Structures are given as C-alpha cells and as structure tokens.
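Following: one structure in structure tokens, then a few remarks.
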Amino acid sequence: MTEQTEHPLAAAIKPLLDAVGATPVPLDEAKAEDVVLEWEGERALAVRLPHLSSALDRLLTEMARQFDGRPLTELDRWEKQRVVALLEERGAFTVRHGVETVATALGVSRFTVYNYLNRQDGAKPN
C-alpha cells in the first residue's frame with residue numbers, strides 16, 4: 001500500500017471518525033494512547049481520539065443543530081432544560097468544568113444548570 005492510497009478500513013470508518021472528532025494517524029506516527037486497528041490480521045491504521053474538552057464543544061454544536069441552528073443562548077427555558085437533559089445523557093457533565101462550559105453556552109448560571117439537572121432527578125414541575 002502506498003502512502004497516497006487510502007486503506008479501505010480508513011474509508012469505511014471515516015464517517016465514524018468525523019462524528020466523534022477522531023483522526024486517522026499513520027502507523028509510524030502512532031502514540032501509545034492511539035488506538036491501532038487491524039484489517040485481516042494486520043495493523044492497518046491508528047486512530048487518535050479527541051480530548052474530552054473538544055468532545056463537549058462538539059456536543060454543544062450538535063445541540064444547536066438540533067434546535068434549528070439557533071444560538072443556545074436564544075433558546076427558551078424549556079429548550080435549555082432539554083439541552084441539559086440531552087447533554088447529561090451523553091456524559092457531558094463528566095468532563096472537568098462541564099457545568100461551567102454548558103452554563104456559558106446557554107447564557108445561564110451554573111446554579112441554573114444544577115437546577116435543571118436536579119429537575120431531571122425526579123422533581124418535575126407541575
């Protein structure tokens with residue numbers, strides 16, 4: 001395989017890599033933390049996963065897309081609560097400073113984000 005020929009595995013997983021923000025890496029440039037993939041029993045390519053902080057940025061961009069591309073700060077209260085619920089389902093608040101980052105993106109306080117999270121845990125408004 002020449003350097004200019006893309007491995008069939010790289011072509012097959014490109015949509016997945018794009019969706020999660022990962023990048024293919026030539027085997028000779030792979031680092032210990034990269035994931036090496038095999039194809040038919042041989043090492044084919046390495047994948048470099050994104051840092052969690054960039055994953056949160058991608059999640060926030062996806063949330064804006066799901067709400068008609070509107071800036072998250074312009075969403076109404078119910079929509080912001082929905083964004084927080086969706087982000088929690090995706091693990092956004094396991095990232096360091098996740099609450100602060102989401103609060104800034106929504107244009108609300110950290111306290112408000114915590115309130116939205118607490119509402120999900122059973123205290124639904126009537």
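This structure is a prediction, so every number in the text was calculated from the model and none was measured. Residue numbers start at 1 and run along the sequence shown.
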Between Leu59 and Ala92 the two heavy atoms that sit nearest each other are CD1-CB, 4.1 Å

Selection residues 100-113 - residue pairs positive for side-chain hydrogen bond (donor to acceptor under 3.5 Å, both in side chains), sequence neighbours left out
Glu100-Arg110, Ser109-Thr112

Glu89 versus Leu86: any side-chain heavy-atom pair under 4.5 Å?
yes

I need the minimum non-hydrogen distance between Gln66 and Arg90, along with the two atoms involved.
NE2-NH2, 3.9 Å

Between the CG atom in Leu87 and the CG atom in Leu60, the distance rounded to the nearest 0.5 Å is 5.5 Å

Supply the atom-to-atom distance Met63 CE to Leu56 CG, rounded to the nearest 0.5 angstrom.
10.5 Å

Does Glu79 use its side chain to pair, donor to acceptor, with the backbone of Asp76 at less than 3.5 Å?
yes

Got a sec, which residues hit side-chain contact (heavy atoms from CB on, under 4.5 Å) with Glu74, two or more places apart in sequence or on another chain?
Pro71

I'd like to know if Val36 and Val25 are part of one continuous hydrophobic network [Ile/Leu/Val/Met/Phe/Trp/Tyr, side-chain heavy atoms within less than 4.5 Å].
no

Closest approach of Val47 to Ala22 (non-hydrogen atoms, all atoms of both residues):
CG1-CB, 3.7 Å

For Arg65, enumerate each residue passing the salt bridge (charged side-chain N to carboxylate O under 4.0 Å, His left out) test, keeping only those at least two apart in sequence or located in another chain.
Glu62

How long is the span from the CG atom in Leu27 to the CG atom in Leu45, to the nearest 0.5 Å?
6.5 Å

So, for Phe93 and Val84, which heavy atoms are closest and what is the spacing to 0.1 Å?
CE1-O, 3.7 Å

Looking at Glu6 and Lys14, is any side-chain nitrogen of the basic one under 4.0 Å from a carboxylate oxygen of the acidic one?
no

Please name the pair of heavy atoms, one in Arg48 and one in Lys31, separated by the smallest distance, quoted to 0.1 Å.
NH2-CG, 3.5 Å

In Å, rounded to the nearest 0.5 Å, how long is the span from CG of Asp34 to CG of Leu49?
7.5 Å

Roughly how far apart are Leu16 CG and Asp18 CG, rounded to 0.5 Å?
9.0 Å

In Å, rounded to the nearest 0.5 Å, how long is the span from CD of Glu40 to CG of Leu9?
10.0 Å

